[in-house]
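Working notes for the structure below.
Ligands are counted one by one from 1 in listed order, and the atoms in each one are counted from 1 as well. Model, not experiment: these values are computed from the prediction.
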Amino acid sequence: MFKRFARRLTFLIGLSACLLLTGATNLCPATVDIAFKEANHLQTKYYNYTNGRYNGGSVWTDANALETIHELMLLTKRTDFDGVADNSYIGRHALNTSTDWQAFTGGYIDDAGWVVLAIWTMADYKKSRGEDNVDTFLISAGQLYDKIASNWDDTCGGGVWWTTDHGYKNAITNELFLALSARGYLRTGNQTYLENAKKTWAWLESSGMRTSTGLYNDGLVFGTCLNNNGTTWTYNQAVIGSGLASLAVATGNHTLFQQAEITFDATIKRLTARGVLKESCDDPLANGTVCDIDQQTFKGIWTKHLQYYLTSAANARATAKYGPFLGAQSAAVLRYATNASLDIGSVWYAPNEGGSVYNVKSLPSGIAAHVAAAQYGPCVGGW
Ligand SMILES: *[C@@H]1O[C@H](CO)[C@@H](O)[C@H](O)[C@H]1NC(C)=O
Ligand SMILES: *[C@@H]1O[C@H](CO)[C@@H](O)[C@H](O)[C@H]1NC(C)=O
Ligand SMILES: *[C@@H]1O[C@H](CO)[C@@H](O)[C@H](O)[C@H]1NC(C)=O
Ligand SMILES: *[C@@H]1O[C@H](CO)[C@@H](O)[C@H](O)[C@H]1NC(C)=O
Ligand SMILES: *[C@@H]1O[C@H](CO)[C@@H](O)[C@H](O)[C@H]1NC(C)=O
Ligand SMILES: *[C@@H]1O[C@H](CO)[C@@H](O)[C@H](O)[C@H]1NC(C)=O
Ligand SMILES: *[C@@H]1O[C@H](CO)[C@@H](O)[C@H](O)[C@H]1NC(C)=O
């Protein structure tokens, strides 16, 4: 009797040790602490419970902020921002299966993609808490996904358009469609999603938007379908990677991981200064260039999608390769970009000399860097 009990106890202890090593508890506590302090600052200073929006925000950047704070709660199994999912402007619309998504996103297909990611992450959080209306969220995400898919046509051999005006085919909208399709297939097993993911990667691969540098330019010239040589924004170099990782998991084609890493590596080589991400418009000097309100958020999206890549790849080699870089981003955000009121500025790679912009969009971008580092960065201390 005692022996059996002892054996069971040993088994239970072994099981919990195993969960500690492999489960969501294997996070860096100091970085988690920073991420929650900043996320709490975001919610306290900028989140408006009356309308469910971030004061000064926009639909797509709000979507990224909501995705990030819910990802943080999911990883840590904490509930600090419980209720935000249903209260948010996006959540209120997700709770209504009659929502006019065209009006909601103003015809921007890429914005619809960010909103689907936010709704999925909020639905996952609600599900983890046993909250109501998870299915309603998922139905709404499916409706939005279908709107995106309906903007695919044969112009330039395929691809979805950037807006419902059908004037521009670009990288981000299609990278998002790849990521949503591959992840949607893994979530649901629906073959339509898998077919869409495959055809979107095939199109991206032959689109000419990625050059021999490994980086994606912004998009294609209307009419000629040539690479427009537009800016190689950081976020364009990571959403592709998280999408490819999901497609690799879905298909078992491991070459897709290599394809993703070509572009991650090119980012680290070409879009950094002193080992820290640098958007081409980033400049710490007061008289330098300034990223616009959207561009200020791109670096955090890069870190978030590298984090998703590492989760999908579930590969010690990839984690060892990129973990230190994610840690360095979080450390730079803390050291150079965070001001005494906990706001986070747009420039990460150098101390602010008047040119870094501190606002509701640059803050969640920095938080995303901390969340990614909490999961995959080295654990080396806090504030
Ligand atoms: C919060 O939203 C409400 C409703 O839209 C608005 O009246 C109020 O001014 C907002 N608060 C701030 C601080 O902007
Ligand atoms: C749901 O959305 C529809 C379409 O926009 C709208 O007419 C209706 O009032 C909304 N319902 C609720 C409960 O907000
Ligand atoms: C699969 O997804 C497509 C696109 O969203 C949808 O039209 C179709 O009904 C789904 N099929 C199943 C079996 O759920
Ligand atoms: C983009 O750059 C390449 C290489 O310099 C050039 O051949 C091509 O014409 C450029 N495309 C456009 C649209 O200017
Ligand atoms: C795997 O992906 C690579 C890169 O897109 C592609 O060239 C190759 O044909 C794929 N393999 C299979 C079996 O589909
Ligand atoms: C830009 O600002 C720096 C100090 O922030 C100053 O040294 C430099 O002279 C300025 N350049 C111009 C062109 O004003
Ligand atoms: C930090 O940035 C915020 C947002 O711009 C600003 O309101 C605040 O005054 C700054 N704090 C300090 C100590 O400079």
* Asked: For residues Asp294 and Tyr235, is any side-chain donor paired with an opposing acceptor at under 3.5 Å?
  -> no

* **Polar proximity ligand 4 side, Asn229 side, N/O cut 3.5 Å exclusive** => yes

* **Side chain Thr44, main chain Asn40, donor-acceptor under 3.5 Å** => yes

* Say whether Asn253 and Thr255, considering side chains only, have a donor N or O and an acceptor N or O under 3.5 Å apart. => yes

* **Full working for ring pair (Phe, Tyr, Trp, His ring centres under 6.0 Å) between Tyr193 and Tyr145** => CA-CA 10 Å; Tyr193 283 73; Tyr145 176 85; 4.2 Å; yes

* Considering only NZ, NE, NH1 and NH2 on the basic side and carboxylate oxygens on the acidic side, decide whether Glu71 and Lys304 come within less than 4.0 Å. => no

* Where ligand 4 meets Asn227 - atom numbers and elements under 4.0 angstrom, heavy-atom basis -> 11 (N), 12 (C), 13 (C)

* To do: Answer yes if a protein heavy atom lies under 4.0 Å from atom 7 (O) of ligand 4, otherwise answer no.
  => no

* atom 9 (O) of ligand 3 - nearest protein heavy atom and its distance -> Asn190 ND2, 4.8 Å

* Among all protein heavy atoms, pick out the one at the shortest distance from atom 5 (O) of ligand 3; state its residue, atom name and that distance to 0.1 Å. => Asp146 OD1, 2.6 Å

* Structure fact -> atom 1 (C) of ligand 2: closest protein heavy atom, distance to 0.1 Å, is Asn96 ND2, 1.4 Å

* Please state whether Val221 comes within less than 4.0 angstrom of ligand 4, counting heavy atoms only. => yes

* Asked: Do Gln237 and Arg270 have side-chain atoms, one donor and one acceptor, less than 3.5 Å apart?
  -> no

* **Exercise check, heavy-atom protein proximity under 4.0 Å to atom 11 (N) of ligand 4** => yes

* **For atom 4 (C) of ligand 2, closest protein heavy-atom neighbour** => Ser98 O, 3.2 Å

* Run the numbers on Asp124 and Thr121 for side chain to side chain donor-acceptor pair (under 3.5 Å), then give the verdict. => CA-CA 5 Å; Asp124 289 347; Thr121 307; 5.5 Å; no

* With a 4.0 Å cut-off, strictly under, does atom 14 (O) of ligand 3 pick up any protein heavy atom? -> yes

